[in-house]
Colleague: 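Below is one structure. I have some questions about it.
No experiment lies behind these values; they were computed from the predicted model shown. Count residues from 1 along the sequence.
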Amino acid sequence: MQIIERLVEYYDLQKKAGNIPKIGYTGTNVVGVIIFDVHGNLVDILPLGQGKKAVSMDLPVVSGRTGLSLKPSFASDNSKYALGVEYDKNAKILKVSQKHFDVYAEWNKRLLSGYSQNPYVQAYLAFLDTYTPNLTTLTPYIDQVLSRNGSLVFQLDGADKYLHELDEVTSAWEQSFTSVSDDAVIGQCSITGKQEVIARLHGGLKGLPGSTGGVMLVSFNGGAFESYGKEQSINASVGVTTASKYVLAFQKLVNENRMFLGDLQVLYWAVSTRENEYAAVLERLFGVNKTVKNKGESDDEYMERRKQIDKKNTETIQGILRQYRSGLPLASTPELKHLDNCRMYLLGFTNDKARVAIRFFKEITFYELVEKLIKHHADVSIYSNFEPRALSIKDVVKLAVPPTQKDEDLPATMLRDVSEAVLTGGLYPASLYSGAIARFKVSQSHDQYRAGIIKACLLRQAEFTKNNKLREELTYMLNTGSTNIGYRLGRAFAVIEKLQKDAGNDTLRVSYFASASSTPSVVFPFLLRNANYYMKKAKSGDYLHKVLSEILEPVAEFPAHLSLEDQGKFILGYYQQTTELYRSKKNEDKEEKEHEQCDTE
């Protein structure tokens, strides 16, 4: 019930700002307008919107519509109800659905029976009385209107308003929506505590994956879930007004403040009249890129716009990171100083065709949430010779699974566990750590992002176990003082690889990295023998020989096996030593000064 209470609070705040439909209405995608004349004859069907993009309108809400029940809307609906035809995507033809139109016509005539003196309403009632679905007449409208998902509205030929905008029509709907039927149940609303009509069915949510109808947050569909003789959602004891508010609030968040993490969807909102500003900052910190391709836009133009958003996200994160590392208050950061420390909410859920399943609900202050997100970015950041980009949670998980795995197939458990770690500051899942190690070993690139993930997992483990020694070893840049065997051997491998590259051979990593990081005693004697040969051929041989000798000086023997933890440190040593060997000297002093405080966090 806390979730519903917070959603109602959000509705009231947004209603005061004029950003959400009033009770009884919902934002609906409209794809066309049905034109009729004064005699009720069908004149035309005009498309609305461009391509697949519809026009959003606030239309009367439909509660409790499922695949098994006939629930018409008022003054608007999809083609099955409004015209009695449905588009079959497989056969690519229209099919008649007379029973849906009959139910729609009967419901609309009942609600408008007291307003028939209005000529506009008269013409609409005549349409409902005389219209019969005709496939020959309607087939020409398939491509532009009837094959698209969305609702249809009505308009009298020559009128400047849609039917649902008429004062008489809105009055008829609002009177019907707020009326108390003979079978209504009056009780105490479990949210407000007031006596009111209890909602038998709560409104359905649109725009959720895998569903074409309304998906319920609260529903009861079996006797096993009912009690005290109450039926359906009367068991939840939520008033009609309260139910309408929370559904409208949830729908607005689905449309505007939602990010996808595999099958997990996360809604986020602030208790503030400036909610959009808070949401924009959070989207940048989460690394969310909502850019969609515009009609007529080339692939190159689209990708360039995406890159600009990614760049802006990264700049925001880097700016707040500098403030975080300096120990100064986050509220004084230029990107944040205009925002107060208001309450924030995060709601994670999944859904099937009929119901929403809540995965987590978190209440947190804005700056507390920002600090959690920035700590995550600080933990996964690692020095690179190239400008890094901000990683979303989905990006992090994708780096720990095979590259052929599609977004929709990403492991849901890992996505949820990584999200929880980011939002709580807790441990990253072991599957993320082992996955990043496995993918780094087979990667052909100098992979700063996977190295950063490995560092972050080890760092959270050190914090959780209060292992200060490990925490001090995990630095942003190369740590020459670390005596860990895995880290030392990783550094040594990087130097030997550089020797071979300078001598014209670039096959070491592909051939030996995986085995060297797992069973050093088998591989390293062979690598060192080869290194002596390449030292004579490489121009940098003397310098690299000195570096290699310093790295291996404390190593008494090569271990037969490295633990998974030490394999991660091997990768960190390899990555950071390689980065150091190729580091640009002209930026060296500047970069060390900028990042020297990172290692004292």
Side-chain angles (χ1 to χ4, degrees), residues 2-3 7 204-219 250-251 253-269 279 282-283 285-290 292 344-364 369 372-373 375-377 379-380 390-440 442 449-450 452-454 456-457 460-461 464 564:
Q2 184 190 12
I3 295 174
L7 288 170
L205 301 163
K206 302 174 184 177
L208 300 184
S211 173
T212 55
V215 180
M216 302 288 190
L217 177 61
V218 176
S219 65
F250 201 116
Q251 189 67 63
L253 292 168
V254 164
N255 296 341
E256 299 175 10
N257 290 16
R258 173 176 54 161
M259 60 181 167
F260 288 88
L261 302 172
D263 70 335
L264 180 69
Q265 301 166 69
V266 180
L267 307 181
Y268 45 93
W269 71 95
L282 289 185
E283 285 167 8
L285 294 183
F286 273 111
V288 172
N289 192 331
K290 291 184 174 180
V292 295
M344 298 287 306
Y345 294 98
L346 297 161
L347 175 60
F349 69 95
T350 56
N351 71 274
D352 57 20
K353 290 184 178 181
R355 291 173 185 79
V356 166
I358 301 298
R359 298 302 179 187
F360 65 80
F361 180 63
K362 187 173 182 63
E363 178 178 347
I364 192 170
L369 177 56
K372 299 288 187 191
L373 292 171
K375 176 173 171 36
H376 160 71
H377 287 293
D379 288 348
V380 300
L391 296 178
S392 67
I393 293 174
K394 185 191 293 184
D395 290 333
V396 169
V397 172
K398 286 173 72 174
L399 288 165
V401 299
T404 55
Q405 204 153 339
K406 296 179 180 178
D407 284 7
E408 57 268 26
D409 297 326
L410 292 175
T413 302
M414 190 189 297
L415 281 163
R416 286 196 289 268
D417 289 347
V418 172
S419 302
E420 185 175 349
V422 171
L423 297 175
T424 63
L427 291 172
Y428 293 104
S431 57
L432 179 69
Y433 178 67
S434 59
I437 288 177
R439 299 316 307 167
F440 192 100
V442 299
Y449 299 114
R450 289 189 177 97
I453 291 170
I454 291 166
C457 291
R460 293 285 175 97
Q461 182 66 36
F464 182 76
L564 194 60

Colleague: Once rounded to the nearest 0.5 Å, what's the spacing between atom CG of N257 and atom CG of L347?
Modeller: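 Output value for this atom pair is 12.0 Å.
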
Colleague: Tell me, please, which residues at least two apart from F286 pass ring pair (Phe, Tyr, Trp, His ring centres under 6.0 Å).
Modeller: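 In terms of ring pair (Phe, Tyr, Trp, His ring centres under 6.0 Å), with neighbours along the sequence ignored, F286 is linked to no residue.
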
Colleague: State, to 0.1 Å, how close V254 and G207 come at their nearest heavy-atom pair, and which atoms those are.
Modeller: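 Shortest heavy-atom contact: CG1-O, 4.3 Å.
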
Colleague: Any non-hydrogen side-chain atom of S419 less than 4.5 Å from a side-chain atom of L264?
Modeller: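 A side-chain contact under 4.5 Å exists here.
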
Colleague: Please tell me if the side chains of R416 and F360 come closer than 4.5 Å, counting only heavy atoms from C-beta onward.
Modeller: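 No, their side chains stay 4.5 Å or more apart.
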
Colleague: Measuring from atom CG of L208 to atom CZ of F349, what distance do you get when rounded to the nearest 0.5 angstrom?
Modeller: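 L208 CG to F349 CZ: 5.0 Å, rounded to 0.5 Å.
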
Colleague: Check each of I393, I453, L423 against V418 using the side chain to side chain contact (heavy atoms under 4.5 Å, CB included) test, and report the only one that passes.
Modeller: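 The option that passes is I393.
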
Colleague: Do N351 and Q265 come close enough that some side-chain heavy atom pair is under 4.5 Å?
Modeller: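 In contact.
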
Colleague: For Y428, check side chain to side chain donor-acceptor pair (under 3.5 Å) against everything at least two apart and list the hits.
Modeller: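 With neighbours one apart ignored, the set is H376, R460.
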
Colleague: With rounding to the nearest 0.5 angstrom, report the OH to CG distance, Y449 to L399.
Modeller: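 So the gap between those two atoms works out to 9.0 Å.
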
Colleague: Atom CD1 in I3, atom CG in L7: separation rounded to 0.5 Å?
Modeller: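 So the gap between those two atoms works out to 7.5 Å.
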
Colleague: Counting only heavy atoms not in F464 (residues, nucleotides, ligands), do more than 12 fall under 6.0 Å from its CZ?
Modeller: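 Count not over threshold, so no.
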
Colleague: Output the distance between atom NZ (K394) and atom CG (L415), rounded to the nearest 0.5 Å.
Modeller: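 If I round to the nearest 0.5 Å, the distance is 8.0 Å.
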
Colleague: Distance from L427 atom CG to Q461 atom CD, nearest 0.5 Å?
Modeller: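 Spacing of CG (L427) from CD (Q461) equals 5.5 Å.
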
Colleague: Any side-chain to backbone donor/acceptor pair from K372 onto T424? Under 3.5 Å, distance only.
Modeller: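 Yes, because the side chain of K372 sits within donor-acceptor range (under 3.5 Å) of the backbone of T424.
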
Colleague: Excluding sequence neighbours, so at least two apart, what forms side chain to side chain donor-acceptor pair (under 3.5 Å) with E420?
Modeller: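 For E420 there are no side chain to side chain donor-acceptor pair (under 3.5 Å) partners, ignoring immediate neighbours.
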
Colleague: I would like to know whether L373 and L282 meet side chain to side chain contact (heavy atoms under 4.5 Å, CB included); could you show each step before the answer?
Modeller: CA-CA 9 Å; L373 292 171; L282 289 185; 4.0 Å; yes

Colleague: Locate the shortest heavy-atom distance separating A436 from A400; write the atom from each residue and the value.
Modeller: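 Heavy atoms of A436 and A400 come nearest at N-CB, 3.8 Å.
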
Colleague: Within the structure provided, determine whether C457 and I454 are in side-chain contact (heavy-atom separation under 4.5 Å).
Modeller: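 SC-SC contact between C457 and I454 ruled out.
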
Colleague: Looking only at non-hydrogen atoms, find the nearest pair between D352 and R355 and report the distance.
Modeller: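 Taking every non-hydrogen atom into account, OD1-N, 2.7 Å.
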
Colleague: Is there side-chain contact between R439 and P403, with at least one heavy-atom pair below 4.5 Å?
Modeller: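 In short, these two side chains touch, coming nearer than 4.5 Å.
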
Colleague: Ignoring hydrogens and angles, tell me if any N or O in the side chain of Q251 forms a donor-acceptor pair with the backbone of K206 under 3.5 Å.
Modeller: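 Side chain of Q251 to backbone of K206, a donor-acceptor pair under 3.5 Å: yes, one is there.
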
